[in-house]
Amino acid sequence: MARKYNFYAGPSTLPVAVLNELEEEIADYRGQGLSMIETSHRSKMYEKVHNEAISLLRELLAVPEDREILFLGGGATLQFSMVPMNFLGNQKSCDMVVSGAWAKKALSDAQKLGTVKVLFDGAEGHYTSLPDPADVRPHEDAAYLHITSNETIGGLQWKEFPDTGDVPLVADMSSDIAGRRVPMEKFDLVYAGAQKNLGPAGVTVVIMKKDMLDKARNDLPVYLSYATHVEKNSLHNTPPVFSIYAMQKVLAWLKANGGIEAAEKRNEEKAGLIYQAMESSGGFYVSPVERAYRSTMNVVFRLPTEELETLFVQEAEAAGMLGLKGHRSVGGVRASLYNAVPLEGAQTLAEFMKDFAAKNG
Ligand code: PMP
């Protein structure tokens with residue numbers, strides 16, 4: 001088996017140990033005579049995995065007991081509308097920080113469902129900076145404040161979070177959940193698609209403070225109401241069983257490898273190697289992102305010309321490094337360095353960057 005270094009932004013690389021375990025179990029789950037993805041989602045066999053995934057998330061992310069952990073379908077994209085649908089009724093408005101492409105999508109759906117007040121919009125600076133959390137003060141009557149903890153396309157990451165007092169703080173953590181330690185007690189609702197740090201695509205994790213349900217509308221279609229999923233332990237309808245099954249393995253792998261603190265250290269080291277290669281290139285590689293907000297998950301950079309960027313991506317691919325092309329909306333190069341990207345992947349890329357700059361600079 002010749003595994004390549006995979007820098008895709010999501011779906012993205014998974015731990016080889018997890019893939020091997022899935023392969024071993026796929027036709028006959030631990031002598032049960034059937035696969036985990038062939039059994040009823042009401043069976044004991046599945047239920048155990050489902051609940052284990054919940055308790056591993058709670059343990060690893062230090063999720064307080066007064067939070068529910070839900071597994072939903074529809075991607076993080078569904079949460080762009082589910083959050084305002086549930087909490088923006090009764091002529092309320094919400095506050096949002098518009099930090100890049102993903103925050104803009106969340107904004108656009110929220111605007112269809114209610115009033116949004118934008119507290120910060122990074123448009124003028126082409127989404128290369130974030131506000132100082134101390135300056136982010138939500139309106140007292142806001143239903144919630146929504147932020148995007150890591151902008152997957154722009155490569156920006158909040159390093160500290162605003163204090164919102166009594167106003168609930170909601171975060172799209174799709175691209176950095178479980179990639180670093182985060183004070184979960186600060187957040188009233190967090191959502192994240194699994195396909196970056198947690199597992200394959202198909203399941204969206206929602207972590208919600210229980211008292212949020214008191215503020216939610218109760219006249220929504222059944223799937224769109226958080227209350228449904230809380231009441232039924234995310235088993236109201238058939239959950240994405242394969243994704244949850246694989247996620248449970250990724251979480252067990254994370255735990256066996258030192259938990260989130262160790263993952264954070266590894267991620268800082270990997271990202272540090274790429275930023276260092278950039279810094280020492282004499283301006284050949286340039287980060288568009290303000291230093292204080294550079295992401296440890298999605299490292300983006302530009303080369304002197306678009307032709308060189310194309311050549312960089314091509315030659316990297318020929319050398320066994322996949323997924324380095326920047327998002328089509330912004331161009332450039334992007335290396336996504338999620339939890340399962342090995343240190344050697346980042347080392348290989350950093351070396352490649354040095355050689356490429358020496359040849360083409
Ligand atoms: N938010 C962020 C920060 C993302 O990176 C993505 C996907 N790349 C999404 C939301 C949308 O997620 P999904 O494709 O799971 O709907």
Side-chain angles (χ1 to χ4, degrees), residues 6-14 70-85 96-112 116 120-122 127-128 130 144-159 161 169-180 182 187 189-207 223-224 229 234 239-240 242-244 246-247 250 267 271 289 293-300 322-330 332 334-341:
N6 175 348
F7 299 100
Y8 278 110
S12 46
T13 195
L14 290 166
L70 308 175
F71 297 151
L72 307 185
T77 299
L78 179 60
Q79 298 308 305
F80 293 162
S81 55
M82 228 171 123
V83 170
M85 263 189 264
M96 292 186 101
V97 171
V98 185
S99 47
W102 290 108
K104 275 204 282 186
K105 288 187 200 268
L107 170 70
S108 162
D109 271 356
Q111 282 172 329
K112 290 175 188 150
V116 183
F120 170 92
D121 188 344
Y127 301 108
T128 54
L130 290 170
Y144 57 86
L145 163 66
H146 181 284
I147 65 167
T148 309
S149 62
N150 184 73
E151 283 284 355
T152 323
I153 294 174
L156 270 98
Q157 187 175 39
W158 289 77
K159 303 299 173 181
F161 303 99
L169 180 58
V170 174
D172 174 0
M173 288 195 191
S174 293
S175 49
D176 67 351
I177 191 165
R180 59 169 168 163
V182 160
F187 296 87
L189 193 153
V190 163
Y191 61 88
Q195 66 271 24
K196 294 136 185 353
N197 269 337
L198 298 179
V203 61
T204 307
V205 172
V206 174
I207 302 170
Y223 195 87
L224 301 175
H229 306 290
S234 304
F242 181 80
S243 309
I244 295 167
M247 177 169 69
V250 172
N267 292 333
V289 181
Y293 305 114
R294 290 180 187 168
S295 172
T296 54
M297 297 274 91
N298 311 100
V299 179
V300 299
L322 305 180
L324 288 164
K325 194 171 184 307
H327 191 268
R328 60 193 179 281
S329 62
V330 292
R334 168 175 57 175
S336 296
L337 302 169
Y338 301 126
N339 285 346
V341 171

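Every number for a ligand or one of its atoms is a count from 1 in the order of the listing.
In this structure, the separation between CG on Leu72 and OH on Tyr223 is 4.5 Å, given to the nearest 0.5 Å. In this structure, CH2 on Trp102 lies 12.0 Å from CG on Asn150, to the nearest 0.5 angstrom.
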Apply side chain to side chain donor-acceptor pair (under 3.5 Å) to the pair Tyr338 and Asn267, showing each step before the final yes or no. CA-CA 7 Å; Tyr338 301 126; Asn267 292 333; over 6 Å; no
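For Lys105, there are no salt bridge (Lys or Arg N to Asp or Glu O under 4.0 Å) partners at least two apart in sequence or on another chain.
Aromatic ring pairs are classed by plane angle as parallel below 30°, tilted from 30° to 60° and perpendicular above 60°; the pair Tyr191 and His146 is tilted.
Under 4.0 Å from any atom of ligand 1, one finds heavy atoms of residues Gly75, Ala76, Thr77, Phe80, Trp102, Asn150, Thr152, Asp172, Ser174, Ser175, Gln195, Lys196.
Arg294 places no side-chain N or O within donor-acceptor distance of the main-chain N or O of Ala271, the cut-off being under 3.5 Å.
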